[in-house]
Amino acid sequence: MKIELGIITGMAIVTYLPRMIPFILMKDIEIPKKIDRFLSLIPYTILSALIFPGILEASANMSSSVAALATCSIAAIKGVKPTGVVLLGILTVFIFQYF
Amino acid sequence: MGVKSGIQSSLPICIGYIPLAIAYGVLGKSAGLSTYTIVLMSIMVYAGAAQFLSINLFAAGLPGPEIILTTFIINSRHLIMSTSLSRKLSSSVGTLARMMISFGITDESFSVSSIGNDGKKVTPGYLLGVVIPPYLFWVFGSLLGTFFSDFIPQSVENSMGIALYAMFIALLLPSMSKSKEISKVVIITAILHVVFLEFFANGSSGNGWILVLASVTGAFIGTFFFQEDFEDEN
């Protein structure tokens, strides 16, 4: 429990600092364009790496994962909100259990 | 435009967080985490994607520094949001107010407060109104999920492992459909991650670093290979 408290405190600090420091310091600073471009791509690349290839092992079998990937992708492109996409993903995998 | 207006703007976020927070609590329980760990993360860290991922990292028994670094990499995206959002706040707003508001910057609160008020400055009261209710929903939703895990059928619980990935897809796909550059970078990074895992994977403890490596490499490639396209778009 002590180790977990230490890890969570560390997580809290490294999560809070990126939120807080620019909000206080960078209101008047212009970031160089290349660095701005690089930093702006990081969330997309991290999300990409988080999804692939992990999603293929996120459910009991690969076909249900691929089905969820397909339905969730279509829903997301159609503008369905994250919560709706999450519920759709759960439902897709749930239904595929019975095939 | 004050606290009341902010709270009203936060309502869709609150509704959206309920099932996500419950799913997080349920997933945490099913992965063998204690209620203490699950809820404390929601109170202190308050970052959905990182919390979902850290469930797997905790369950896999990864060393603390790797969990913290992975959390930092995932949440470093808040640097951009924080930078962007700070421009919407008058420079007369004090440091204490900025420290409080910035704790609540998430993908959702950032989107609502940025997109809902185009071009106009926002007040600290409005931003506090946007960020506080979703935080409370997230914390109490997590707690609720830890109780529900005993009542939810195994077949449903098994299906909830996809929730994290569905959330990532929901965050990523709209951006991909709007930008060819982002689509290219996303696809390149996915391929890099698979290739790097093939070459460097060394048990579950090594994989957090590979995710970081793939993400940073993908962003570098995007920065240097697609720079001209990016400038043309502007």
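Per chain, numbering begins at 1; letters A, B, ... match sequence-line order. All values reported here derive from a predicted model rather than from experimental measurement.
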* **Residue among A:G54, A:A12, A:A49 with most heavy-atom pairs under 4.5 Å to chain B** => A:A49
* Could you look at B:T217 and say if it's the side chain, the backbone, both or neither that has a heavy atom under 4.5 Å from chain A? => neither
* Structure fact -> Under 4.5 Å to a heavy atom of chain B? For A:F94 that would be both
* To do: Can you measure from CD1 (A:I24) to OG1 (B:T95) and round to the nearest 0.5 angstrom?
  => 5.0 Å
* Which residue out of A:P53, A:G79, A:G84 racks up the most heavy-atom pairs below 4.5 Å with chain B? -> A:P53
* Given that the side chain runs from C-beta out, which part of A:L69 has a heavy atom under 4.5 Å from chain B: side chain, backbone, both or neither? -> both
* Non-hydrogen atoms of B:F58 and A:M11 that approach each other most closely -> CE1-SD, 4.1 Å
* Closest heavy-atom contact between A:I8 and B:V45? -> O-CG2, 3.9 Å
* Kindly check if the number of other-residue, nucleotide or ligand heavy atoms within 6.0 Å of CE (B:M100) is above 12? => no
* To do: List the steps and the verdict of side-chain contact (heavy atoms from CB on, under 4.5 Å) for A:M20 and B:I105.
  => CA-CA 9 Å; A:M20 185 265 285; B:I105 296 174; over 6 Å; no
* Asked: What distance separates A:S73 OG from B:M176 CE, expressed to the nearest 0.5 Å?
  -> 8.5 Å
* To do: Find the distance between CE (B:M99) and CD1 (A:I21) and round it off to the nearest 0.5 Å.
  => 9.5 Å
* Of all the heavy-atom pairs spanning B:H193 and A:F52, show the shortest one and how long it is. => ND1-O, 2.6 Å
* Structure fact -> The reported gap from OG1 in A:T71 to CD1 in B:I169 (rounded to nearest 0.5 angstrom) is 8.0 Å
* Asked: What is the minimum heavy-atom distance between A:E4 and B:Y36, and which atoms define it?
  -> OE1-CD2, 4.5 Å
* Residue selection (most heavy-atom pairs with chain A, distance under 4.5 Å) from B:I101, B:L40, B:I191, B:L192 -> B:L40
* To do: Determine whether A:R19 and B:T106 make a side-chain contact, defined as any pair of heavy atoms from C-beta on separated by less than 4.5 Å.
  => yes
* Residue, of A:L87, A:V80, A:V93, that accumulates the most heavy atom pairs under 4.5 Å with chain B -> A:V93
* Structure fact -> Taking every heavy atom of B:N75 against every heavy atom of A:P18, the minimum-distance pair comes out as O-CB, 4.0 Å
* Asked: Between A:Y44 and B:I182, is any pair of side-chain heavy atoms under 4.5 Å apart?
  -> yes
* Should A:I51 and B:L172 be marked as a side-chain contact (heavy atoms from CB on, under 4.5 Å) after you check the CA-CA gap, both sets of side-chain angles, and the distance that decides it? -> CA-CA 10 Å; A:I51 296 168; B:L172 189 56; 3.8 Å; yes
* How close do B:A166 and A:V85 get, heavy atom to heavy atom, and via which atoms? -> O-CG1, 3.4 Å
* Structure fact -> One should read off an interatomic distance between A:I7 CD1 and B:I68 CD1, to the nearest 0.5 angstrom, of 6.5 Å
* Structure fact -> The interface call for A:F96 against chain B, heavy-atom contacts under 4.5 Å, is neither
* To do: Check whether any side-chain heavy atom of B:L89 sits under 4.5 Å from a side-chain heavy atom of A:F23, and report yes or no.
  => yes
* To do: Verify side-chain contact (heavy atoms from CB on, under 4.5 Å) between B:F224 and A:K34, making sure each step is shown before the conclusion.
  => CA-CA 8 Å; B:F224 290 105; A:K34 268 227 150 78; 3.4 Å; yes
* To the nearest 0.5 Å, tell me how far B:Y165 OH sits from A:C72 SG. => 13.0 Å
